[in-house]
Asker: 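First the structure, then my questions, so here it is.
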Amino acid sequence: AQSVTQLGSHVSVSEGALVLLRCNYSSSVPPYLFWYVQYPNQGLQLLLKYTSAATLVKGINGFEAEFKKSETSFHLTKPSAHMSDAAEYFCAVSDGNFGNEKLTFGTGTRLTIIP
Amino acid sequence: DAEITQSPRHKITETGRQVTLACHQTWNHNNMFWYRQDLGHGLRLIHYSYGVQDTNKGEVSDGYSVSRSNTEDLPLTLESAASSQTSVYFCASSADRGVKYFGPGTRLLVL
């Protein structure tokens, strides 16, 4: 069974500051890992994904995440926060087996940007 | 452009009524999924399908059913709505090993 833990249900950062959203995973097989963003009253959009290629993954809107197997982590970062980054962010894991596409989501982190 | 749509976007119903939420995708994806989103729980998988006539239970399937008669649609039925099923429901689709695309969601209130 797979699971993800997102540390911090709410994170606030100042505009221009570093964004760091934490995600730790548990998986019995090599995982596929994802970060999704949800803007108010909208569905989820894929930010980036790790599928066993490069451990540093670059996504949209300046976000990136690094897969660290030794730490079982996949933290999301952005060097400089913008007001438009305010949203809820979800980390998710899949076991990546062919035909088994179920995602297990974390409980989400709401990011607030302080002007 | 291909898309995934859900209807209705908002629904109010009464306890005990049967409710069906529609999900339609034009990506021609084999895989379709239903999730519910609740505060403090993130998204939890209700049912999923890997192709026509295939359906599977997720982690919170009690009180819900789905059917897959074609590639494009996966309707979700609440057999007898309960207040505990008040939630936001998201449909998603993907190709095998592909990115998941999510619909805009249906907000359901059971009174």
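In this text, all values refer to a predicted model and were calculated from it rather than measured experimentally. The sequence lines fix the lettering, A, B, ..., with proteins before strands; numbering per chain opens at 1. Both backbone and side-chain heavy atoms feed into the values below; hydrogens, waters and symmetry mates do not.
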Asker: Does B/Ile12 have more than 12 heavy atoms from other residues, nucleotides or ligands lying within 6.0 Å of its CD1?
Answerer: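 No, because the 6.0 Å sphere around CD1 of B/Ile12 holds 12 heavy atoms or fewer from other groups.
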
Asker: How far does OG1 of A/Thr107 sit from CG of B/Leu43, to the nearest 0.5 angstrom?
Answerer: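 The CG atom of B/Leu43 is 11.0 Å from OG1 of A/Thr107, to the nearest 0.5 Å.
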
Asker: Taking B/Leu76 as the starting point, is it possible to reach B/Leu109 by hopping between hydrophobic residues whose side chains are less than 4.5 Å apart?
Answerer: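 Different hydrophobic clusters.
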
Asker: Which heavy atom of B/Gln37 sits nearest a heavy atom of A/Phe90, and at what distance?
Answerer: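 Between these two residues, the closest heavy atoms are NE2-CZ, 3.1 Å.
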
Asker: I need the minimum non-hydrogen distance between B/Phe102 and A/Leu44, along with the two atoms involved.
Answerer: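 Answer, listing the atom of B/Phe102 first, then A/Leu44: CB-O, 3.6 Å.
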
Asker: Just so I know, are the side chains of A/Phe34 and B/Lys100 near enough to count as touching, which here means a heavy-atom distance under 4.5 Å?
Answerer: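 No, their side chains stay 4.5 Å or more apart.
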
Asker: Can you measure from CG (A/Leu103) to OG (B/Ser94) and round to the nearest 0.5 angstrom?
Answerer: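 Separation between the atoms: 8.0 Å.
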
Asker: Heavy-atom count around B/Leu39 CG within 6.0 Å, excluding the residue itself: above 12?
Answerer: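 It does not: B/Leu39 CG has 12 such atoms or fewer within range.
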
Asker: Is it true that B/Tyr64 and B/Leu45 fall in one hydrophobic cluster, defined by side-chain heavy atoms closer than 4.5 Å?
Answerer: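 B/Tyr64 and B/Leu45: separate clusters.
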
Asker: Which pair of heavy atoms, one from B/Arg107 and one from A/Asn41, lies closest together, and at what distance?
Answerer: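 Smallest heavy-atom distance, with atoms named: NH2-OD1, 3.6 Å.
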
Asker: Which answer fits A/Gln38, side chain, backbone, both or neither, if we ask what part of it has an atom under 4.5 Å from a heavy atom of chain B?
Answerer: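 The side chain, not the backbone.
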
Asker: Determine, using the 4.5 Å side-chain heavy-atom cutoff (strictly less than), whether A/Leu111 and A/Met83 are members of one ILVMFWY cluster.
Answerer: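 Shared cluster, yes.
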
Asker: Do B/Tyr101 and B/Val88 share a hydrophobic cluster, counting only Ile, Leu, Val, Met, Phe, Trp and Tyr and linking them when any side-chain heavy atoms are less than 4.5 Å apart?
Answerer: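 The answer is yes; both residues are in one hydrophobic cluster.
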
